[in-house]
Structures are given as structure tokens and as C-alpha cells.
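Presented below is the structure to which this report refers.
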Protein chains: 2
Amino acid sequence: MSARQVTLAEVARQAGVSLATASRVLNGSTRQVSDELRDRVLMTAEVLGYVANASAQALARNSSSLVGLVVHDITDPYFSSIAAGVTKVAEAAGLVVVLGTTGRTPGREAELLSTLRAHRARAVVLAGSRTTDRKAQARLASEIEAFTSLGGRIACVSQAKLGTDTVVPGNRAGARALARELAALGHKRFAVLAGPADLVVTRDRLAGFKAGLADAGLAAPTVIDGAFTRDGGYDAALELLAKKTKATCVFAVNDVMAMGAMAALRERGVRVPEDISIAGFDDIPTLRDTVPALSTVRLPLEEMGEQAARLVLDGGSDVPRTVRVAGEVVLRASTQSN
Amino acid sequence: MSARQVTLAEVARQAGVSLATASRVLNGSTRQVSDELRDRVLMTAEVLGYVANASAQALARNSSSLVGLVVHDITDPYFSSIAAGVTKVAEAAGLVVVLGTTGRTPGREAELLSTLRAHRARAVVLAGSRTTDRKAQARLASEIEAFTSLGGRIACVSQAKLGTDTVVPGNRAGARALARELAALGHKRFAVLAGPADLVVTRDRLAGFKAGLADAGLAAPTVIDGAFTRDGGYDAALELLAKKTKATCVFAVNDVMAMGAMAALRERGVRVPEDISIAGFDDIPTLRDTVPALSTVRLPLEEMGEQAARLVLDGGSDVPRTVRVAGEVVLRASTQSN
DNA sequence: AGCGTGGCGGAAAGCGCTTTCCAGCCCAGC
DNA sequence: GCTGGGCTGGAAAGCGCTTTCCGCCACGCT
């Protein structure tokens, strides 16, 4: 079973060169090695099937080839799209991505960051965060500090954290534009299914939407809070129905909530869009196959993941950088004029 | 910026004990340490914010806390569900999962395995594979051999590989049961949208479905091959329509293909289930929100991921083990009696 | 009293690699 | 002819941890 690993020393010995030379040929490229020795080393490495021990390299170099990726839930299309972008860029750079999931547990993010620090991950992409618990927040801040002070880089998607690089979607502007377009369809009364109030994303989208309605001279919407998930949308929609508002159009602050809401409406016999129009935000890939097709604000999710990965991998800068990506309103069958 | 890492030696010195003692307290638990020293060490470690360097530990112990997970496409709900199961178990065991995506590129799996070997990953879960290219196949086999001979464990989901542990869904039985139930609805003529013929999954499901039809005394279905993806299903459905078969019921060998097919049918004005019934396989989570709800064979995807992770993490056995999970036919709105 | 014995702390030898530093060597320049 | 400098190869000192081995001490037994 446990055959011993082929080591650099072995390659060096078989090739009749020193450890240093073998190392120089196979990894560190700063110095020149004569063609003859170089070939000998490469040959023997090939023959022996040598693969450098990444732990040893990390130890010697004091930096690993690991990139962390922290998400709440990898089955959520929003996160898996971002994950796809991050892995794409990381793998292209010859790095390895380690996936951590928080399950939306408050302290988990800090724990994961600590683990990542133990592994000397060279960078981390934090996708999705929250601003609840003050203590957890402080803990996270100190972990971020510890991580970066070791030379690691951190980028956040959508939610800025203490001077880290960030990729921020145009939540406010997107929601505002959406509101205006919906108003242009003739809707007068709106409802918003919002996520937890402590989530920056929720706040921005809600504020943007309200601003858009105000632009159109319309009244503020009925706002119903729910969890930031499909089931949260489902529950919020039921609550909305129970309230018997006159809203003819519903904006769910993200697509998964909108999907849940549509399911709830369907079950209750409320037709979309005939009885009520509905729109979401994000344009997750699964939207392609919903019926009716959901109106939304399109975000280039995978590209956002790529951007975040690039921010975190290209040298980095001293000042926190921000990459803004715009949302694009996409009206589909779930909204109709009123 | 680059503050130096708090090291074990530092903790030991501050606590006034030897390196060995500090190590024993904080990590290796075989030996006893007196309460007094133990407390001193724990205190100082706490105060200094000590986090063991995982690379150094991996090097010294010759085994890391990394678990590999290889999937084709993390945005595919099938894979992300499995990924969720794997990460759940791995994180509970205090391990870290590194995510590799192949993008269905032939040689990529072997490459990833090699990288994982370099990192001394203690185990790998291979979800989704294929049996095409003979050369890539051999390369993969030798990587698996290299990986396991170093003491690493490998488990596959759904597709067995050279004596590795495997979690196999009841593809054949599930498809067969599905065929019988569909036949019981009164359908006589069937079409199957199959994936690439070299995929074991495809073959098994197709064979099972045919067997089920035979059980019911029905003729063999029209079979159309396509890619194992949503777009593959879309294209295959178009091809099916072009053939103008008399099929009243379509079986797509997986759900994403079925979703694509439904999109194609919808676009062509073919109503589901009025004009044609359709069923898939897997029961991916997104199915909850499709209209009409898709009939399928339910597989406990997340649990399969958990099982695979457990297989690979619990000591392991000498003989390859197989965990079978049964599929359960779930008839929904996309199939109706004929 | 003499001598195992068991328990616990510490010294030190690695784990596999990188990288500094030094030793040759060859060539150019005075 | 000798010195200085540019190259290339090798010896060896770590990187931060684990773990073996040894030594010391306190006991308990004959």
C-alpha cells in the first residue's frame, strides 16, 4: 500500500546532481542551470513520476498555492455561479481553491478564515456575508486583520469589509431602474419581499427600489421581510397574500426569493402575471427554465467571481479597490403592463 | 503588513516549556502533560492567537487535512448538491475541501488528482467521470494508483473506478421502475433523450428504461443522443420533434436534459403534458420550481455526497466497498395518462 | 538499602523543500 | 601573469512542526 513518495532528493541522486540544482530546474527559476544537467533532471523527474510536495514547498516558501472561497450555500445558484468564476480564474493561475460553506451560521466565517490562515492560503474570496451579531462581527474583523497581516489577500463580493478589495454590484441603481421600468408598465402599487434588514444587499436594493418609485411619483411599497432564501420568499409571499394589499406588482430582492414567492402564488391560485406581476434580482442561471420567465436585474455572477479572484490574485494594492458591475433590467413574462 | 506568524516555538518559550511539550498540549494527544504545564501552554497560545501552520503539520505528519472534490461543473445542481453533502461531512470532521472542476475536459481529472496528490490530500471524492478517450483513461488510472499507493483514499459517485469505493445510485432499477409506471399511465410509444453513449450512467438508465418497457410488453423507444447537459436536452428535443415520431412520452436520462427539452418543446408550442409527457432523473432541487413540475426518479443527491465522504474518511477497507442508494419514482405534473 | 518501573519533560532528528552562501572555473583587462 | 568578476554547482541552514529517544524523579517491591 503505502509506497513512499518520490522525493526531490531521490530525483537529484538519480540524476547525479545536487538537491539545489534539482530544485532550481524543477521549481525556482531564478538561476541558470546548464542544459545538460537540466535535461538530466527533467528526464529523471519524468521517469520517476516526481510531484513536488506542496506542503514542503509551502513551508519553505512561506506561502501556499491555496485560494479560499467562502460561501453560504453552494447549492444556491447565486453562489455556485460565483464559485464557478472563482475556480476558473484560480485554476488558470495554477492555484487550488478550497471551498468553505457557512450554512449562514454567524461565527462560521471567522472560523473558516482561521482555518484558511492555518493553511497559509494566499488569498480568500468572501462571497456573501452579514452584519448581524456584533461579537461575531468583531471576531471576523480580527480574523481578517490576522489574515491580511500575514500577507494574505481578501476580496469580498457584494459586501465590503474593512478595507478589503470588493466587487460590488449596482444594487441600488439596478433596483431603481427596475422600479422605473415597472412603473412605466403602469403599475401603481407595489410590494417588496425583502431579506433580513441587516443585510447590506437587502437594504441597498430596497432603497434603490423605493427611490425608483419615488422617481415615478409613486407611493412607497408595502415591505415584507423574510429570509434571503427560496423558502423565505415563499413565506413572505404567503404573508403578503394574507395582508390583502392592492399591490399589482411584487419585487423580491433576489431571484431565489422570487422563485419561492411564485411557488406560493401558484399554490394559492394567484396567476402570474395575469393577477400579479413579479420581478427578482440577480438573474441566476436556473431562471432560464422557469415558467413564466422571471423578470429580473441581470448580474454577471460568474464574471463577478472572476473579478474577485483577479483582485485577490494580481499583486494587490495598498488601498482597497472596488470593482463595480452594473445590473441590467431584463423584463420577461412574469411582469406585464397594468 | 507582513507580521510574522506566531509559532509553536514562541508559545513554548513564553510558556516556559519545551517545544515538545507545547506540541503535545496543542496537537498530538498521545502523551500526558501535567495540568500545570498544560494550562500554561493553553493560556499563552490563546493570548498569542496561535494557529498551527498546517503545511508544517502536514509535512511532519506526512498527511494533510485536505479532502479533494472533483466535479464537472459546480453550477450544475446535480454536482452542487453532492458538493454540499461532501463539504458537510468533511467540515464536520475538521477537514478542508478543495474543489476542482473539470469543465468536462478529458484530461483534467487526472491533472487535478495529481495536484491533489502534491498536496497530500488524504482523500478524494470523484463525482462524475467518463470513459471516453483511452489514453486519458489510462492516465487517470495511473494517477489513481499513484494517489492510493501514497495512502490516499478515493471514492467515486455513480461511476466505479478500478477498485475504489463507490456510491452507486440505482440507475437501472430506477429507470426500469419509471418505465413501468409510465407504461401504466397508458403510454405506448416512448422516446429517450440519452446522454453520450460512453457514459455508464447513460447506458444504465437507458438499459433500465428499455427493460421496464419490455416488462410492460411495449416496443423499444426511439433513442436520441445528446450532451449530458441542459443544452444537450434542448437540442435532443428539437431533433426528436424533427423526426416526427409518434412518441407520447419522453424520458430524458437526467433532469437538466429534461429541463432543456421542456424549454425546446415550449418554444415549439408543444404542450407538456397535454401533447407530450416528459420525465427526467435525479430530482435536482431546482425541480421544485419548474412548471409543470417534472416527473423524475428521486436520488438523495446531498446524502450521496455525504456517503461518499464517509466512505473516504472512515479508515477505509481493503476491498472496494459499494454503497447503493435507491431511486424513487416521483410522478408529477409533467406526465399524464394517455 | 537496592533496584526495577512508570510517568513526564526536553533534546534533537527529521519531514521535503527553498535559498543563501561559498567554491570553483573561465574569461577579460591591466 | 595576476586579479577581479560573472557563472554555475553544491553544502547547508533553515521553514514550523511531530515524534523518538533519553534522562530524571518518585515509587514500590524484595
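Note that the structure is a prediction, hence the values are computed from the model and not measured. Protein chains get the first letters and strands the later ones, always in sequence-line order, with residue 1 at the start of each.
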Quick one: which of [options] gets closest to the side chain of [X]?
X: A:Ser34; options: D:dG9, C:dG9, D:dG16; value: D:dG9
X: B:Leu37; options: C:dT18, C:dG9, D:dG9; value: C:dG9
X: A:Arg31; options: D:dC17, C:dT18, D:dG10; value: D:dG10
X: B:Leu8; options: D:dC17, C:dC17, D:dG10; value: D:dC17
X: B:Asn53; options: C:dG9, D:dG16, D:dG10; value: D:dG16

Between [X] and [N], is there a contact of a side-chain N or O with OP1 or OP2 at under 4.0 Å?
X: B:Ser55; N: D:dG16; value: no
X: B:Asn27; N: D:dC17; value: no
X: A:Ser18; N: D:dA11; value: no
X: A:Gln57; N: C:dG16; value: no
X: A:Ser23; N: C:dC17; value: no
X: B:Thr7; N: D:dC17; value: yes

Can a salt bridge be assigned to the pair [X] and [Y] using a cut-off of 4.0 Å between side-chain N and carboxylate O?
X: B:Asp165; Y: B:Arg153; answer: yes
X: A:Arg108; Y: B:Glu91; answer: yes
X: B:Glu10; Y: B:Arg13; answer: no

Please report the distance, rounded to the nearest Å, between [atom1] in [X] and [atom2] in [N].
X: A:Glu36; N: D:dG9; atom1: CD; atom2: P; value: 9 Å
X: B:Leu26; N: D:dC17; atom1: CG; atom2: P; value: 9 Å
X: A:Leu150; N: D:dG16; atom1: CG; atom2: C1'; value: 13 Å
X: A:Arg117; N: D:dG16; atom1: CZ; atom2: C1'; value: 15 Å
X: B:Arg61; N: D:dT20; atom1: CZ; atom2: P; value: 13 Å
X: A:Gln5; N: C:dG14; atom1: CD; atom2: C1'; value: 16 Å
X: B:Arg24; N: C:dG10; atom1: CZ; atom2: P; value: 9 Å

| request: Search all heavy atoms of B:Gly68 against all heavy atoms of B:Ala121 and return the closest pair with its distance. | output: N-CB, 4.5 Å
| For DNA chain C, whose closest nucleotide is more 5', that of A:Ala60 or that of B:Val17? | B:Val17
| request: Using the closest heavy atom to pick a nucleotide of DNA chain C for each, name whichever of B:Ala56 or B:Gly16 lands nearer the 5' end. | output: B:Gly16
| message | I'd like to know whether CZ of A:Arg324 has more than 12 heavy-atom contacts from other residues, nucleotides or ligands below 6.0 angstrom. | response | no
| request: With heavy atoms under 4.0 Å as the rule, sort A:Ala52 into base, sugar-phosphate or nothing. | output: sugar-phosphate
| task | Identify, between B:Leu59 and B:Thr21, the residue whose nearest nucleotide on DNA chain D lies closer to the 5' end. | result | B:Leu59
| said: On the side chain of A:Arg120, is there an atom forming a donor-acceptor pair with the base of D:dG16 - under 3.5 Å, no angle test? | reply: no
| query | Within a strict 4.5 Å, meaning less than it, do heavy atoms of the B:Val51 and A:Ser114 side chains meet? | reply | yes
